[in-house]
Colleague: 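Here it is: the structure, laid out below.
Whatever order the structure lists them in is the order used to number ligands and atoms, beginning at 1. We use all heavy atoms of the structure for the numbers below, so side chains are in, but hydrogens, waters and symmetry mates are not.
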Amino acid sequence: MASSSASSSLMAILLVLVLLMGSSSAQLSADFYSKTCPKVLGTVKSVVESAVSKEKRMGASLLRLHFHDCFVNGCDGSILLDDTSSFTGEKTARPNNNSIRGYNVIDNIKSNVEKECPGVVSCADIVAIAARDSVVSLGGPSWDVKLGRRDSKTASLSDANSGVLPPATSSLSDLTNKFQAKGLSTKDMVALSGSHTIGQARCVVFRTRVHNDTDIDASFAKTRQGSCPLTPGSGDDNLAPLDLQTPTAFDNNYYKNVISQKGLLHSDQQLYSGGSTDSLVESYSKDSKTFNSDFAAAMVKMGDISPLTGSSGEIRKNCRKVNS
Ligand code: HEM
Ligand SMILES: *[C@@H]1O[C@H](CO)[C@@H](O)[C@H](O)[C@H]1NC(C)=O
Ligand SMILES: *[C@@H]1O[C@H](CO)[C@@H](O)[C@H](O)[C@H]1NC(C)=O
C-alpha cells in the first residue's frame, strides 16, 4: 500500500517534470544564448549600427523584414531562404518582391556570429534582434528580445502570397482581421503600424491613394502625385517617405500624419477614418511614452508568432540555404 502510493506520487512528480520540460522547451527566453553565445547581442548590435549609419533606411528595412518573416508561418527565418529546385521561397512573393531589403545585412551578421559560436544562433533570432536594434538606432524604444527560435527547413511562395500579409489597399476590418489571425489585437495592430514612422514606399503601392482617395490632404496628395504619375507602370518604383516629417527618426509622427490626412498608404489612413481606432491614434499622437511601450510590447508578441523550438527546424549555417 505505502510503497504503491509512494511510487504513484513519484510517477506524478515525474509527469509534472516532463510536462514542465516540454513546455519550457517551447518557450522563448531573453537569456537563451547567455551560456552558448554570450556575445551575440553585441555582435548583432554593432553590425546593425554600422549598416544604419551608412544608410538610415536600412533600419526600417530590417524592422519590416521581421514582420514579413513572422506573418508567414511564424518567425522562422523562412523569408531568408533563396529559391531551390525543391521549393520557390518567399522572396519573390507579391508583398516582398523588389520591396524587402536587408538580406545582405543579415548575412553579414550571421557570418560574424558563426565565427564566434558556430551552429548556435538561428537566423530567425538574428532577424528579431536586428529589428529591435534598428528601432533603437533610429531613436525608438528598446525591449528584451525573446530568443530560442529555430530556422525553417523550407519556405513557400504561395504561403507568402496567400493574403496573410495585408496589402496597402486594406480596409480597417481587413487589417484587424489579419492581425487577429496572428494572435495580435487591434491595439497591437495600431501600435505596430507606428513602424510607418520610418522608411519608404514605392509609387505602385500609393498611386491609387494619392490620385483617387478622398480622405487625403489636398496639398499632400498633389506633392506625392508629382513623383507618382497616374499612368499604371509609370514611375512604379519611385519612392516617398512613409512619414513626411521625420522619415529616419522612430517617433510618433505617424499618428500626427494620419490625423492630418497625410497617411501615405490607404491602409495607414484607415486607422483614422471615423472608426474604432481613431481614439487610440489620437492618444498615441499625444503620448509618445505610451506609444513606445505599447509598440515594444506588441513587437514581443509579434516575435512570439509560431516559433520553431526544441528539435523542430534547424540552426542554419547560411541564412539563405537549408543545411545539407
Ligand atoms: C498594418 C498593416 C501594414 C501594411 C498594410 C503595410 C504595408 C506596407 C507597404 C505597402 C510598404 C511599402 C513597401 C514598398 O513600397 O516596397 C510598407 C513599408 C514598411 N513597413 Fe509596413 N505595413 C503594415 C504593417 C507593418 C508592420 C507591422 C511593420 C513592422 C512591425 C511595418 C514596417 C514597415 C517599414 C519599416 C516599412 C518601410 C521599409 C523600408 O523602407 O524598407 N509595417 N509597409
Ligand atoms: C519580381 O521582380 C522582378 C523584377 O525585379 C520581375 O522580373 C519578376 O517577374 C518578379 N517576380 C514576380 C513573381 O512577380
Ligand atoms: C482613379 O479613378 C479613375 C476614375 O474613377 C479611374 O479611371 C482610374 O483608373 C483610377 N486610378 C487609379 C490609380 O486607381
Colleague: What distance separates T246 OG1 from I198 CD1, expressed to the nearest 0.5 Å?
Modeller: 10.0 Å
Colleague: Should F179 be listed as contacting ligand 1, given a heavy-atom distance under 4.0 Å as the test?
Modeller: yes
Colleague: Looking only at heavy atoms, is any part of S267 under 4.0 Å from ligand 1, and if so is it the side chain, the backbone, or both, or is it neither?
Modeller: side chain
Colleague: Identify the closest protein heavy atom to atom 4 (C) of ligand 1: which residue and atom is it, and at what distance?
Modeller: P166 O, 3.8 Å
Colleague: Do the side chains of H266 and S170 get nearer than 4.5 Å, heavy atoms only?
Modeller: no
Colleague: Closer than 4.0 angstrom, basic N to acidic O: yes or no for E55 and R101?
Modeller: yes
Colleague: Considering distance alone, does some N or O of S170 sit under 3.5 Å from an N or O of ligand 1?
Modeller: no
Colleague: Can you check whether L165 reaches F67 side chain to side chain, under 4.5 Å on heavy atoms?
Modeller: yes
Colleague: Give every protein N, O or S atom lying under 2.8 Å from atom 21 (Fe) of ligand 1, naming each by residue and atom.
Modeller: H196 NE2
Colleague: Which bit of V204 is near ligand 1, meaning a heavy atom under 4.0 Å away: side chain, backbone, both or neither?
Modeller: neither
Colleague: Strictly under 4.0 angstrom, heavy-atom based: which residues surround ligand 2?
Modeller: T92, N97, N98
Colleague: Could you see which bit of P167 sits under 4.0 Å from ligand 1, with heavy atoms only: side chain, backbone, both or neither?
Modeller: backbone
Colleague: Give the numbers and elements of all ligand 1 atoms closer than 4.0 Å to a heavy atom of L175.
Modeller: 1 (C), 2 (C)
Colleague: Of all the non-hydrogen atoms in the protein, which one sits nearest to atom 40 (O) of ligand 1, and at what distance?
Modeller: R57 NE, 2.7 Å
Colleague: Under the side-chain contact (heavy atoms from CB on, under 4.5 Å) test, which residues partner K146, sequence neighbours left out?
Modeller: L28, V300, D304
Colleague: If the threshold is 4.0 Å, N to carboxylate O, is there a salt bridge linking D268 and R209?
Modeller: no
Colleague: Output yes when the distance from some N or O of ligand 1 to some N or O of R101 is under 3.5 Å, and no in every other case.
Modeller: no
Colleague: Can you pull out every salt bridge (charged side-chain N to carboxylate O under 4.0 Å, His left out) where at least one residue sits in residues 73-82? Sequence neighbours excluded, please.
Modeller: D82-K91, D82-R320
Colleague: If you count the atoms of ligand 1 from 1 in the order shown, which ones are under 4.0 Å from a heavy atom of A201?
Modeller: 12 (C), 15 (O)
Colleague: Out of S99, A240, A131, whose heavy atom sits nearest atom 13 (C) of ligand 1?
Modeller: S99
